[in-house]
Structures are given as structure tokens and as C-alpha cells.
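Working notes, beginning with the structure itself.
Every number for a ligand or one of its atoms is a count from 1 in the order of the listing.
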Amino acid sequence: MRVLVVEDERRLAQLVARGLREAGHAVDICHTGSDGLLAAAAGGYDSVVLDLMLPGLDGISVCQALRRHGSTVPVLMLTARGEVPDRVAGLDAGADDYLPKPFSFDELLARLRALHRRTADADAAELRAGDLRLDPARRQVFRVGTEVALSAREFDILYLLMARAGQCVTRYEILDEVWDGETDLRSNVIDVYIANLRGKVDKPFGRHAITTLRGAGYRLEPDGG
Ligand code: CA
């Protein structure tokens with residue numbers, strides 16, 4: 001998933017971002033409440049880790065403004081004190097959960113997963129292309145009713161392709177979404193992943209759903225190939 005971290009303590013922000021990236025997530029960081037609000041309101045995030053105590057616009061104000069703008073992105077509020085009035089204020093402002101500092105990174109990850117599951121259950125529609133079916137909430141893929149086991153990145157690539165079935169998804173878009181724009185990747189990494197995906201979702205079923213568009217990117221056939 002794509003996570004926005006809004007935290008003015010730069011070392012903590014970097015630490016959280018590094019851990020999230022190691023767990024396979026894409027991460028953007030903002031150091032002020034106003035930058036965080038702009039980024040979160042622009043959309044595209046699966047969750048926001050929002051510090052309560054920020055210079056200028058604090059976490060409560062950011063969260064209230066987000067909700068006023070109609071954003072439903074899950075917000076996990078980081079509170080330094082963990083005192084009851086802070087938690088209540090955060091939840092009242094529209095945060096979905098809170099985590100008192102100092103926290104263990106494992107707990108942060110678990111809370112984010114739980115938040116993501118709750119919202120994914122509520123609104124993520126299943127994707128279909130012919131007899132290929134992807135359930136974003138449970139992160140499961142089925143073909144002709146048979147579950148296909150994919151790695152996290154294979155799943156993310158297939159999700160991108162299926163969400164835009166029939167359209168060209170460029171290599172840059174895949175890098176940006178699935179590898180968080182890492183630029184030191186060997187250029188053939190995506191080819192390797194696509195080949196593995198084909199070996200799992202196409203070949204065993206005698207299909208050709210994933211088409212290579214030379215020099216451009218990849219396209220998933222909307223009828224499943
Ligand atoms: Ca802070």
C-alpha cells in the first residue's frame with residue numbers, strides 16, 4: 001500500500017519510512033501539517049500516519065480538514081503523550097486509530113494492516129478480467145476458481161494491471177507504484193516479475209492475459225486473454 005507519513009521529527013519520520021519500505025510499502029514523507037494536508041487531500045494514499053504535535057497546523061486540525069474535504073483515507077494518529085484527552089480529541093477529529101509514542105514498529109505495522117483491512121473490506125471492489133479475479137481486501141487471486149499464490153509485489157503489479165485492464169500501464173508507473181520509484185533497480189527487474197506473473201496466472205491456464213507493449217509497458221486483456 002501507499003502510506004503518507006506526516007511527522008516533524010525527521011529522524012523518526014525516516015525510521016518509520018524505512019521500516020514501511022522494507023515491509024514492501026510505498027512511502028511519502030511530509031514534515032509539516034500543511035504539507036501533509038495538501039498531500040493527503042490530493043489522494044492516492046491507502047493510509048496516513050499523522051503525528052499529533054506538529055508545528056503550525058497540528059494533527060487534529062489536519063485530520064479535521066481532511067474529513068471536511070470528504071477524504072475517507074484511514075488515519076493513524078501518533079500521540080506523544082497517549083493521555084486520554086489527546087486520544088479522544090484525535091478520534092473526535094476523525095482519526096481511525098491512535099498509537100502513543102514511543103511505539104514498536106511491529107505494532108505500527110499491525111495497526112496499519114488492521115486499518116487497511118477494515119477500509120478495504122468496506123469499499124474495495126473485487127477486480128475481474130474474464131475468469132481472472134482479484135480480491136484486494138484479502139489479497140487473493142483466483143483463476144477459473146483456483147487460488148493463485150503470488151508474492152506481494154507480483155500481487156501489486158497484477159492489481160495495477162487489472163485496475164486498468166485494456167490500457168497500457170507503463171514501466172515507470174509500475175516502478176513508481178510498486179517499488180516506490182527506486183531508481184537503482186536494474187531495468188530488467190520488471191521483466192522478471194512479469195515473466196513470473198505470466199508463469200502463475202497465464203501459462204498454467206493456457207491464457208495470454210498479459211501483453212507486452214514494446215517500449216511502452218504492459219496491458220492486461222480485459223477478457224482475461
Ligand atoms: Ca511532533
Output, by chain and residue number, all protein N/O/S atoms separated from the Ca ion (ligand 1) by less than 3.0 Å.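 Short answer, with waters excluded from the count: D8 OD1, D51 OD2, M53 O.
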Between L108, L50, V5, which is the residue that forms a side chain to side chain contact (heavy atoms under 4.5 Å, CB included) with L76?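 Exactly one candidate clears the test, L108.
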Side chains of Y218 and D191: donor-acceptor distance under 3.5 Å anywhere?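 Judged by distance alone, the side chains do pair up.
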Does either side chain, that of Y159 or that of R139, offer a donor lying less than 3.5 Å from an acceptor on the other one?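 Per modelled atom types, Y159 and R139 side chains form no pair under 3.5 Å.
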Under the salt bridge (charged side-chain N to carboxylate O under 4.0 Å, His left out) rule, what do D97 and R111 come out as? Steps first, then yes or no, please. CA-CA 8 Å; D97 199 1; R111 298 280 188 105; 3.2 Å; yes
Out of curiosity, L132 CG to M162 CE, how far, rounded to the nearest 0.5 Å?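 Nearest 0.5 Å value for the CG-CE distance: 4.0 Å.
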Candidate pair E7 and K101, rule salt bridge (charged side-chain N to carboxylate O under 4.0 Å, His left out), full reasoning: CA-CA 12 Å; E7 168 62 75; K101 292 180 188 172; 3.1 Å; yes
